[in-house]
Amino acid sequence: MTKIQIHYAQENCSYYTVCESTEVRVDLSAVDDFYRRMGERQHNNYLKFLEFWQSDEGEAKLLAPKALVKTISYDTFKEVFGDVKAKIPKSINTVVMAVWTIGIDLEKKSSELTSAIGSMMTGLLVDVAGSVALYKMHDILFDWIRDNITADKNKFICGEYYPGIGSMRQDLMENIIKLGNTFEEIGVKASGTSLLHPRKSQCSFIGMGNEAMEFHRKAERCIPCNGKRCLYYQLGGCHVEVEHSTKY
């Protein structure tokens, strides 16, 4: 199993402290169940992928999860990112910027396998495993921020906001990369677009305040969303839209 390498810094700090999270466990049981229902031939394709995934050339080599976490004041957040019109509670006075990625190696291997004769399904399923890992990272990172930042500052998590989701602008990406120095730290960049590179990278802002409040915690769906054409949907529903309604 692989742990997330977390690069953490407070505002105005010139360096990042590097630490590790708990293990990222890629749960492929839904994929297994789906291909069992498809019949023996399709399930054999899954088993071929699983053999590769569990080999030394699979998960152990391809997953390189890294995250950058930086605390900033709410005033800095508004100054750097301009007029953000998301419905942010007035109780928030500190913002945690988080960027996370599984790295570039899995993306390259998936493309290589998908283009090779006889390995297309293995390549596609490698990509699926990468997406499952990315969204699992979100849960682990969220809990790490709660346990190591909010608790240390005697604050509470009041909400989570995604650039490009809802009313937040997608052109924030360049400012995020610059503020966090993410390319030098964890290899994530944005080349004049609303997308991050490597593709399996994501970012969010987590708001903190002095009072506990209830909110819906969830990983947002992909953009663009392929609906019923998406493999994840076919596996029994959108696996990334799992909500946790609780008080933090």
Side-chain angles (χ1 to χ4, degrees), residues 2-13 15-22 24 63-74 76-78 80-81 84 86 88-89 92-103 131 133-153 155-166 168-170 172-190 194-209 215-223 240 242-244 248:
T2 307
K3 297 182 178 181
I4 306 171
Q5 185 185 95
I6 300 174
H7 297 233
Y8 169 61
Q10 298 189 44
E11 186 174 22
N12 300 323
C13 184
Y15 64 91
Y16 284 85
T17 299
V18 180
C19 54
E20 288 187 332
S21 73
T22 57
V24 179
L63 279 187
K66 294 182 179 180
L68 180 143
V69 176
K70 187 177 181 69
T71 59
I72 57 177
S73 69
Y74 186 58
T76 298
F77 175 68
K78 290 189 294 183
V80 173
F81 299 107
V84 178
I88 299 178
I92 291 178
N93 51 39
T94 303
V95 177
V96 178
M97 184 181 76
V99 182
W100 61 100
T101 181
I102 64 169
S131 292
L134 183 67
Y135 287 106
K136 180 62 179 176
M137 284 180 67
H138 170 265
D139 283 345
I140 294 174
L141 196 59
F142 193 99
D143 290 342
W144 187 90
I145 290 169
R146 178 197 62 199
D147 296 340
N148 293 276
I149 299 179
T150 57
D152 182 62
K153 294 180 177 295
K155 293 184 179 295
F156 301 91
I157 293 177
C158 302
E160 184 173 24
Y161 310 93
Y162 291 79
I165 300 295
M168 294 192 75
R169 305 191 320 271
Q170 289 184 319
L172 297 178
M173 295 303 184
E174 290 287 355
N175 285 336
I176 291 170
I177 298 307
K178 182 178 180 181
L179 180 63
N181 198 26
T182 63
F183 182 68
E184 288 76 8
E185 289 292 329
I186 62 172
V188 174
K189 61 182 179 179
S194 62
L195 301 177
L196 295 175
H197 300 277
R199 288 186 301 107
K200 293 196 186 302
S201 303
Q202 199 169 28
C203 63
S204 73
F205 298 103
I206 296 175
M208 299 189 301
F215 75 97
H216 295 283
R217 160 190 169 187
K218 70 174 183 178
E220 294 287 351
R221 68 171 64 192
C222 304
I223 295 179
V240 306
V242 179
E243 292 195 13
H244 306 273
Y248 288 91

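Any value given below was found using the heavy atoms of this structure, including those in side chains, with hydrogens, waters and symmetry copies removed. It should be emphasised that the depicted structure is a prediction, and the values quoted were computed from it without experimental measurement.
- Rounding to the nearest 0.5 angstrom, the gap separating the CD1 atom in I145 from the CE atom in M208 is 8.5 Å.
- Across all non-hydrogen atoms, the minimal contact from Y16 to V69 is CE2-O, 4.1 Å.
- Atom CZ of F205 and atom CD1 of I92 lie 12.0 Å apart (nearest 0.5 Å).
- The side-chain heavy atoms of F77 and M97, taken from C-beta on, include no pair separated by under 4.5 Å.
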Show me the side-chain donor-acceptor pairs of residues 176-185 shorter than 3.5 Å, one per line, residues at least two apart or across chains.
unit_1, atom_1, unit_2, atom_2, d
T182, OG1, V188, O, 2.7
E185, OE1, H7, ND1, 2.8

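- Between the CG atom in L63 and the OG1 atom in T2 there is a gap of 5.5 Å [rounded to 0.5 Å].
- Partners of T101 according to the side-chain hydrogen bond (donor to acceptor under 3.5 Å, both in side chains) rule, which considers only residues two or more places apart in sequence or in another chain, are S201.
- Among all heavy-atom pairs drawn from M137 and I102, the shortest one is SD-CG2, 3.8 Å.
- By the side chain to side chain contact (heavy atoms under 4.5 Å, CB included) test, T22 is found to be paired with I140, residues two or more places apart in sequence or in another chain being considered.
- S204 pairs by the side-chain hydrogen bond (donor to acceptor under 3.5 Å, both in side chains) definition with E160, not counting sequence neighbours.
- Classification of D143 and R146 as a salt-bridged pair holds, one side-chain N sitting under 4.0 Å from a carboxylate O.
- The side-chain hydrogen bond (donor to acceptor under 3.5 Å, both in side chains) test applied to E20 returns no partner, not counting sequence neighbours.
- S131 is listed as a side-chain neighbour of K200, based on a closest heavy-atom distance under 4.5 Å.
- Looking at residues two or more places apart in sequence or on another chain, you find a side-chain hydrogen bond (donor to acceptor under 3.5 Å, both in side chains) between T76 and E11, S73.
- Within the model, atoms NZ of K66 and CD of Q5 stand 5.0 Å from one another, a figure rounded to the nearest 0.5 Å.
- I6 contributes atom CD1, which lies 10.5 Å from atom CD1 of I186 (distance to the nearest 0.5 angstrom).
- With sequence neighbours excluded, the residues forming a ring-ring contact (aromatic ring centres under 6.0 Å, His included) with Y8 are W144, listed by chain and number.
- Heavy atoms only, all atoms of each residue included: V24 and K136 are closest at CG1-CG, 4.2 Å.
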Apply side chain to side chain contact (heavy atoms under 4.5 Å, CB included) to the pair C203 and M173, showing each step before the final yes or no. CA-CA 9 Å; C203 63; M173 295 303 184; 3.9 Å; yes

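- Here I206 contributes atom CD1 and I157 contributes atom CD1; the two are 5.5 Å apart, rounded to the nearest 0.5 Å.
- Shown here for G187 and P198, the closest heavy-atom pair between the two residues is O-CD, 3.5 Å.
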